[in-house]
Amino acid sequence: MNGLLRGVLPPIPLLVALFLFSSIANLHAEPLPLKHAVELALKHSTLAAAASADEQRAFSSYLEARDQYLPQLVVGSGVGKTWGYPLSLEGSAPSIVNFTSQSSLVNPALRDYVRAAKIEWQASTIQSKDQRDQVIQETVLSYAELSKWETLLAHVADEREQGVKMEQIVNQRIQEGVDNPLLRTQAKLTTARARLRIAQAQGAIDVLRNRLSRLTGLPAASIETIPDSMPALPEVKREDDLVAKAEQSSLAVQFTQAHASALDFRARGEHRALWPTVDFAAQYALLASFNNYEKYFQPGSFQQHNATIGLVLRFPFLNPAQHAHAQAADAEAVHARSDVTAAKDKVSEETLRLQRSVEQLAASQEVADLEYQIAQSNSDAVKVRVDASTATLHDAEDARIQTNERYNQLQDANFELERGRIELLRATGDLESWLEGAKQ
């Protein structure tokens with residue numbers, strides 16, 4: 001047996017080449033802690049940048065509505081030649097220079113519009129937080145899955161190496177007339193499955209590194225995970241009332257509620273647009289003597305400096321179009337309130353589904369772990385029997401293959417459980433606080 005094993009070991013130059021290749025690859029890889037990856041993703045994310053732009057737009061809209069209470073000052077001139085009576089130029093008398101100022105004093109509709117704009121700004125802030133959580137979740141899930149595949153790749157590479165050795169041993173045993181030729185095909189199948197698993201792992205690693213590169217801005221080839229940098233995920237108990245917690249902390253529900261409140265104020269403002277308003281207005285004009293003012297006004301009454309200041313009162317009493325517009329705004333507000341109920345129902349259903357799914361995944365992970373322990377114990381027992389000559393080499397190979405399969409299934413079960421718990425953390429609003437416990 002020892003002679004056979006020595007005969008299938010790779011030559012020394014090949015081992016040296018593999019070592020050098022691995023060392024060069026590690027020089028380009030940069031261990032990236034989870035917390036740092038999330039920080040880079042939040043700075044680099046186009047989704048977060050777009051949400052920030054929407055928030056700034058909503059804030060500017062709020063300022064636009066609020067600043068209508070501040071005086072607006074316009075400076076201009078209406079210089080021109082006059083023939084006959086001095087007619088107005090765009091509503092103002094011809095003048096060398098003029099100043100006009102206007103602001104709202106009493107306007108019930110505007111007051112509600114300002115409130116609506118302020119709430120919309122607050123809603124955009126909530127939406128920005130939700131987009132932030134989405135970036136965090138995508139980064140954490142990609143990081144966790146990449147860590148899983150990196151661990152599996154090393155394990156499957158060892159599987160392939162052992163499979164190649166076993167394939168060579170079987171070939172020698174067949175040549176010596178010890179084994180059935182059919183066993184050569186079985187050994188090749190085992191090696192082919194390992195190569196397939198390696199291709200799957202390498203493909204997944206490339207895709208996930210590219211995704212993390214897009215999120216963080218780092219070169220894909222330089223990204224290498226640190227499994228210990230990911231904090232432990234909290235256990236989920238069946239008796240935990242996560243549904244109520246999710247309804248209270250859900251950013252989607254908060255955004256929908258804020259948007260509905262804004263539409264309520266906007267609808268009320270549309271109705272109050274039919275109420276009386278009071279505006280402040282002032283005007284100053286420096287008139288020119290060559291515009292014939294002295295010919296058509298009382299002699300000696302003309303003066304160049306003129307000013308007017310006062311209040312402008314408006315009493316709308318017939319405006320069917322505005323009344324219809326207000327009714328349409330009422331319908332939008334009713335629709336928004338219905339959206340709040342639908343959002344709460346969706347969050348409740350999704351949270352309950354996630355909670356029950358995590359419970360099932362935890363049970364599946366426990367089963368996979370126990371199956372792996374049993375397979376490992378069985379493999380160890382077969383090795384003892386092989387040493388005692390009560391079991392064959394193929395019995396040991398079958399036990400090793402089964403152990404490797406159980407290990408791969410355990411890694412898949414671990415990640416699926418991690419995914420479910422991470423999604424549940426976001427649903428309950430605890431994702432960012434959980435991330436604070438991550439190692440740098």
Side-chain angles (χ1 to χ4, degrees), residues 51 53-76 78 87-93 95 97-128 251-285 306-344:
D54 290 339
E55 185 178 349
Q56 181 60 43
R57 178 189 57 80
F59 179 67
S60 299
S61 298
Y62 161 63
L63 293 181
E64 178 185 2
R66 189 195 66 179
D67 289 348
Q68 293 187 48
Y69 285 105
L70 301 178
Q72 303 174 24
L73 180 63
V74 179
V75 181
L87 302 175
S88 64
L89 294 174
E90 294 188 352
S92 299
S95 58
V97 63
N98 60 71
F99 298 85
T100 59
S101 179
Q102 185 179 359
S103 65
S104 181
L105 291 180
V106 179
N107 191 327
L110 179 59
R111 185 167 60 249
D112 285 335
Y113 292 155
V114 171
R115 291 174 178 173
K118 185 176 182 179
I119 295 175
E120 288 286 11
W121 166 45
Q122 295 170 345
S124 69
T125 303
I126 296 172
Q127 191 173 33
S128 294
L251 294 175
V253 172
Q254 292 177 19
F255 171 79
T256 310
Q257 289 174 332
H259 181 64
S261 178
L263 289 183
D264 282 337
F265 277 112
R266 193 170 297 280
R268 193 172 74 172
E270 297 295 345
H271 284 283
R272 291 186 174 184
L274 300 172
W275 290 19
T277 61
V278 179
D279 292 343
F280 164 80
Q283 184 176 5
Y284 164 80
N306 301 269
T308 302
I309 186 171
L311 300 177
V312 180
L313 283 73
R314 295 184 179 87
F315 298 91
F317 65 92
L318 183 61
N319 193 339
Q322 179 60 34
H323 183 71
H325 190 65
Q327 289 180 330
D330 287 339
E332 289 183 3
V334 171
H335 188 282
R337 288 194 290 271
S338 300
D339 289 342
V340 173
T341 303
K344 288 183 177 180

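- Using a 4.5 Å cut-off on side-chain heavy atoms (C-beta onward), R111 and Y69 make contact.
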Dump the intermediate steps for side-chain contact (heavy atoms from CB on, under 4.5 Å) on Q257 and K344, then the final yes or no.
CA-CA 10 Å; Q257 289 174 332; K344 288 183 177 180; 3.3 Å; yes

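- Here the CZ atom belonging to F59 is positioned 15.0 Å from the CD atom belonging to E120, to the nearest 0.5 angstrom.
- Partners of F280 by ring-ring contact (aromatic ring centres under 6.0 Å, His included), not counting sequence neighbours: none found.
- Looking at residues two or more places apart in sequence or on another chain, you find a ring-ring contact (aromatic ring centres under 6.0 Å, His included) between Y62 and W121.
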List the steps and the verdict of side-chain contact (heavy atoms from CB on, under 4.5 Å) for F255 and L251.
CA-CA 6 Å; F255 171 79; L251 294 175; over 6 Å; no

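- In this view, E332 satisfies the side chain to side chain donor-acceptor pair (under 3.5 Å) rule with no residue, not counting sequence neighbours.
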Extract all donor-acceptor atom pairs below 3.5 Å that involve side chains of residues 100-107 and protein atoms in other chains or at least two apart in sequence.
from: N107; atom 1: OD1; to: A109; atom 2: N; distance (Å): 3.3
from: N107; atom 1: OD1; to: L110; atom 2: N; distance (Å): 3.0

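- Legend: residues meeting side-chain contact (heavy atoms from CB on, under 4.5 Å) with H325, ordered by chain and number and at least two apart, are E270, Q322.
- Scored by the side-chain contact (heavy atoms from CB on, under 4.5 Å) test, F265 finds D112, R115, A116, I119, S261, R268 as partners (sequence neighbours excluded).
- Take D330 and apply the side chain to side chain donor-acceptor pair (under 3.5 Å) test, not counting sequence neighbours, and it matches H271.
- Taking every heavy atom of both residues into account, P108 and R272 meet most closely at CB-CD, 3.8 Å.
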I'd like a table of donor-acceptor pairs (distance under 3.5 Å, sequence neighbours excluded) in which one partner is a side-chain atom from residues 307-318, with atom names and distances.
from: R314; atom 1: NH1; to: D279; atom 2: OD2; distance (Å): 2.6

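- Q122 pairs by the side chain to side chain donor-acceptor pair (under 3.5 Å) definition with nothing, not counting sequence neighbours.
- Between V340 and A260, the closest heavy-atom pair is CG2-CB, 3.8 Å.
- In this structure, the ring-ring contact (aromatic ring centres under 6.0 Å, His included) partners of F99, at least two apart in sequence or on a different chain, are Y284.
- Counting all heavy atoms, side chain and backbone alike, A117 lies closest to A65 at CB-CB, 4.5 Å.
- Partners of E64 under the side-chain contact (heavy atoms from CB on, under 4.5 Å) rule, at least two apart in sequence or in another chain, do not exist in this structure.
- Remark: the N319 side chain and the H323 side chain contain no N/O donor-acceptor pair separated by less than 3.5 Å.
- Residues satisfying the side chain to side chain donor-acceptor pair (under 3.5 Å) criterion with R337, sequence neighbours excluded, are D264.
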